[in-house]
Engineer: 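Here it is, the structure in full.
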Amino acid sequence: MTDASKLDTLDRPEQRRLRIQDRVLNIGLICLFGTAAIAALDFSQAGKLFPLAVSLVGLFLSVLQLLFSLFGQPMADDDGSGQIEIAADLETPPDLFRTRLIRFIFWVSALFLGIWLLGFKIAVPLYMAAYLRVEAKAKLWLIVVLIVLTIYLLFYHFSRVLGVVWPEPLIAKIINLPGFLM
């Protein structure tokens, strides 16, 4: 297919509709990230850094994507359908995929269950330690360093410096936990 014929395929109504949908999505994201950036300006000095950084990066990338959508030329291998070709790994046996999927579901479920039962501050360090030891087979010193850093971030930085309020865990309704654990 020549470059001219590829550009002609973009003029079909369904291709134009797809390009319009992309632009509408980009404009929606620009509005969302712009609103988030403006709202973050009213936060305290320490509390606005993260939301402002995320929203400004999202705003920049959304504007950039919109500009490419409006003024960019289609790539040479773009047929205008909006579909991308993903290479499939046909050499990996289906049983291995199934095993990996089950393990993934287990780990995500364990994290959510741990947060619900034990609370975020307790569950995340425990989850990280278990995951790093079982799945990543990380060395003990690395696990300790990462857990200490995580505990610092959760117990001091987020809670005291940024003033993040964590939801009450289910275990706190059963037993009386010290306030710093909740």
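As the structure is a computational prediction, the values presented were derived from the model and not from experiment. Basis for what follows: all heavy atoms, side chains included, without hydrogens, waters or symmetry-related copies.
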Engineer: Please report the interatomic distance CG(L61) to CD1(I30), rounded to the nearest 0.5 Å.
Structural biologist: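 So the CG of L61 and the CD1 of I30 are separated by 10.5 Å.
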Engineer: Can you name the closest pair of heavy atoms from L117 and P169 and give their distance?
Structural biologist: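 In this case the closest contact between L117 and P169 is O-CB, 3.6 Å.
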Engineer: Pick one: which of L142, V148, I143, V144 meets side-chain contact (heavy atoms from CB on, under 4.5 Å) with L146?
Structural biologist: L142
Engineer: For atom CZ of F104, decide whether the heavy atoms of other residues, nucleotides or ligands shown that lie under 6.0 angstrom number more than 12.
Structural biologist: no
Engineer: CG/L96 to CZ/R98 distance, rounded to the nearest 0.5 angstrom?
Structural biologist: 10.5 Å
Engineer: If every non-hydrogen atom of S55 is compared with every non-hydrogen atom of A36, which pair is closest and at what distance?
Structural biologist: CB-CB, 3.8 Å
Engineer: State, yes or no, whether a side-chain contact exists between F97 and L101 at a heavy-atom distance under 4.5 Å.
Structural biologist: no
Engineer: Hey, could you give me the OG1/CG distance between T150 and L126, rounded to the nearest 0.5 Å?
Structural biologist: 11.0 Å
Engineer: In terms of ring plane angle, is the pair W107 and Y127 parallel, tilted or perpendicular, where the classes change at 30° and 60°?
Structural biologist: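 The rings of W107 and Y127 stand perpendicular, inter-plane angle above 60°.
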Engineer: Consider only side-chain heavy atoms of I, L, V, M, F, W and Y, link residues closer than 4.5 Å, and tell whether F112 and I102 are in one cluster.
Structural biologist: no
Engineer: Quick one: pull up CZ in R133 and NZ in K139 and give me the separation to the nearest 0.5 Å.
Structural biologist: 10.5 Å
Engineer: Does S69 use its side chain to pair, donor to acceptor, with the backbone of Q65 at less than 3.5 Å?
Structural biologist: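 Such a contact is absent between S69 side chain and Q65 backbone.
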Engineer: Over all heavy atoms of both residues, which pair between I115 and F120 is shortest? Give the atoms and the distance, please.
Structural biologist: CD1-CD1, 3.7 Å
Engineer: If you measure from CZ on F68 to CG on L70, what distance do you get to the nearest 0.5 Å?
Structural biologist: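 Taking CZ in F68 and CG in L70, the distance rounds to 11.5 Å.
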Engineer: Say whether L29 and I38 are linked into one hydrophobic cluster, either directly or through other cluster members, by side-chain heavy-atom distances under 4.5 angstrom.
Structural biologist: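 L29 and I38: separate clusters.
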Engineer: On a heavy-atom basis, which atom in K173 and which in E168 lie closest, and how many Å separate them?
Structural biologist: CG-OE2, 3.9 Å
Engineer: For a quick test of reading the model, state the closest non-hydrogen atom pair linking P125 to K121 and the distance between them.
Structural biologist: CD-O, 3.1 Å
Engineer: Among the clusters formed by ILVMFWY side chains lying less than 4.5 Å apart, do L149 and I147 turn up in the same one?
Structural biologist: yes
Engineer: Taking a hydrophobic cluster as the set of Ile, Leu, Val, Met, Phe, Trp and Tyr residues connected by side-chain heavy atoms closer than 4.5 Å, whether directly or through intermediates, do L140 and L132 fall within one such cluster?
Structural biologist: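 L140 does not cluster with L132.
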Engineer: Rounded to the nearest 0.5 Å, how far apart are CD1 of I122 and CG of L154?
Structural biologist: 10.5 Å
Engineer: Is the backbone of L59 close enough, under 3.5 Å, to the side chain of S62 for a donor and an acceptor to pair up by distance?
Structural biologist: no
Engineer: Donor-acceptor check, side chain of R23 to backbone of L66, threshold 3.5 angstrom: yes or no?
Structural biologist: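 Checking the backbone N and O of L66 against the side chain of R23, no donor-acceptor pair under 3.5 Å is found.
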Engineer: If hydrophobic clusters are built from ILVMFWY residues whose side chains come within less than 4.5 Å, do L118 and V108 share one?
Structural biologist: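 In one cluster: no.
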